Amino acid sequence: MPKQGFLTPKAIANRIKAKGLQKLRWYCQMCQKQCRDENGFKCHLTSESHQRQLLLFADNEDDFLDSFSKEFHETFMELLRRRFNTRRVHSNIVYNEYIQDRHHVHMNSTKWETLTEFVKWLGREGYCNVDHTEKGWFITYIDRDPETLRRQEQLRKKEKMDMDDEERIMKHIEEQVARGGAQGSKQAEFTELQRDSDEQKVTFSFGASNSSSSENSSRGKGQEGETGEGISEKKTNALQAAAEAAGKKKDSSRKESGKRKSALEEIMEEKAKKKARLSARTDYWLTEGIVVKVTTKRLGEKYFKKKGVVKEVLNYYTGVIKLLDSGAKIKVDQAHLETVIPGIGKPVCILNGRHRGVKGTMHSLDEKNFCVSVETDSGKVIDGLPYEDISKLQISDGS
């Protein structure tokens, strides 16, 4: 029979079959060869080229295994970052897109036997946020690229500058409101009309300045000289001095009693305080030296609900935790940790807000509003701090 050519139906059918994905168990990663059936895979295992690759693998199997695992992890994370970014997605969807490349690194050549083990490893190492539901394992990429963090920092600085501009405008508005309130609070002061005799005439002075008062006094003198019935200059000055003294006394009593703020001023002041608090908050809170509690079971039952001290903070979101009971060190993402509230009088550290980094002692606990009060080292008491914004401070390993 003639030899099968390139354009024969059989050769075309073989090329069509070779284009699609084949079964993973019939793929050799060392030789990078995909077989279509079990018989072809057995023939490949007995070939001389495959035997040579096995000898190379036997000489340094750990390096080959680590190399394949690293390449699989980097390619998988690159696809997750570019295709889905920080969206929550099912792990099988990402894996099915990953294996569309026919020359990808196969799972059976890595240190992970199944996709579930690989997903759990991503969660333990802090590469992704992992959660398990009835539909399977879901992953969310954690973007910690230095360029992204730099952009976020610039955005926070821009928001802070905008906040400062708003605060200046609000301060100017408050000054105008206060000035208008002070002008509106001025009321005319009335005095009782007094005269020595029934035939005596009474003169009125409508000017508040010294010049007008002097003019009125001189006019009064002229009238008195002409009629003989005006108020004398000495008496007018005495009345004005008494009125000024009464006005000063009234102003001082008003200052002592305190000026009551209007509803608009209280609303603007509360809004400014709220904006100042929000502008100082960040989405990361891990701090070295604080005591935290592990809240995930993915690290194993022996670490669940265990307390430890943060020894080192990596990339703002991941910390190296030293457990208090066993002394073991683990690397955990802050999403799998929670703060520890100390007892009254115990050392504490503020982790977020405009008082971030301030250390002090526990002053009081408000269980109804889920907040605490902290007395700083300088003696100042800070109220209304949420539970998640403070944590117990470990002074030393022995404390």
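Numbering of residues begins at 1 and proceeds along the displayed sequence. All values below come from the heavy atoms of this structure, side chains included, with hydrogens, waters and symmetry mates left out. Please read these numbers as outputs of a predicted model, since none were measured by experiment.
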Q. Roughly how far, to the nearest 0.5 Å, is the CG atom of N352 from the CG atom of L385?
A. 10.5 Å
Q. For F72, does its backbone N or O pair with a side-chain atom of T75 as donor and acceptor, under 3.5 Å?
A. no
Q. So, the side chain of S91 versus the backbone of T116: is there a donor-acceptor pair under 3.5 Å, distance only?
A. no
Q) According to a 4.5 Å side-chain heavy-atom criterion applied to Ile, Leu, Val, Met, Phe, Trp and Tyr, with indirect links allowed, do L80 and I99 form part of one hydrophobic cluster? A) yes
Q) Only one of I390, V292, I350 clears side chain to side chain contact (heavy atoms under 4.5 Å, CB included) with W285; which? A) V292
Q.
Please determine whether a side-chain nitrogen of the Lys or Arg among E174 and K171 lies less than 4.0 Å from a carboxylate oxygen of the Asp or Glu.
A. no
Q. Shared ILVMFWY cluster between Y127 and L115, side chains joined below 4.5 angstrom?
A. yes
Q: Examine F118 together with F76 and report whether their ring centres are nearer than 6.0 Å.
A: yes
(Q) Quick check against the 3.5 Å criterion: does D333 have a side-chain atom that pairs as donor or acceptor with the backbone of A335? (A) yes
Q: Indicate yes or no for a side-chain donor-acceptor contact from H90 to the backbone of K135 under 3.5 Å, with no hydrogens or angles considered.
A: yes
Q.
Can you confirm whether more than 12 heavy atoms, excluding those of Q176, are under 6.0 Å from its CD atom?
A. yes
Q. Taking only residues two or more places apart in sequence, or in another chain, which ones meet Y141 in a ring-ring contact (aromatic ring centres under 6.0 Å, His included)?
A. none
Q. If you draw a 6.0 Å radius around CD in E175, do more than 12 non-hydrogen atoms from other residues or ligands fall strictly inside?
A. yes
Q | Distance-only side-chain donor-acceptor flag, S378 / T376, under 3.5 Å | A | yes
Q) Between Y317 and Y284, what is the ring plane arrangement, given parallel below 30°, perpendicular above 60°, and tilted in between? A) perpendicular
Q) Under the 3.5 angstrom rule, does the side chain of T295 hit a backbone N or O of H336 as a donor-acceptor pair? A) yes
(Q) As an exercise, state the distance from OG of S391 to CG of L351, rounded to the nearest 0.5 Å. (A) 5.5 Å
Q.
Quick check on Y316: does its OH atom have over 12 non-hydrogen neighbours (other residues, nucleotides or ligands) under 6.0 Å away?
A. no
Q) When the ring planes of W112 and W121 are compared, do they come out parallel, tilted or perpendicular, using 30° and 60° as the limits? A) tilted
**Q.** Partners meeting side chain to side chain donor-acceptor pair (under 3.5 Å) with E97 (sequence neighbours left out)
**A.** R83
(Q) Closer than 4.0 angstrom, basic N to acidic O: yes or no for K120 and E117? (A) no
Q.
Is there a path of hydrophobic side-chain contacts, each under 4.5 Å between heavy atoms, that joins M77 and F84?
A. yes
Q) What pairs with S373 under side chain to side chain donor-acceptor pair (under 3.5 Å), at least two apart in sequence or on another chain? A) S364, D383
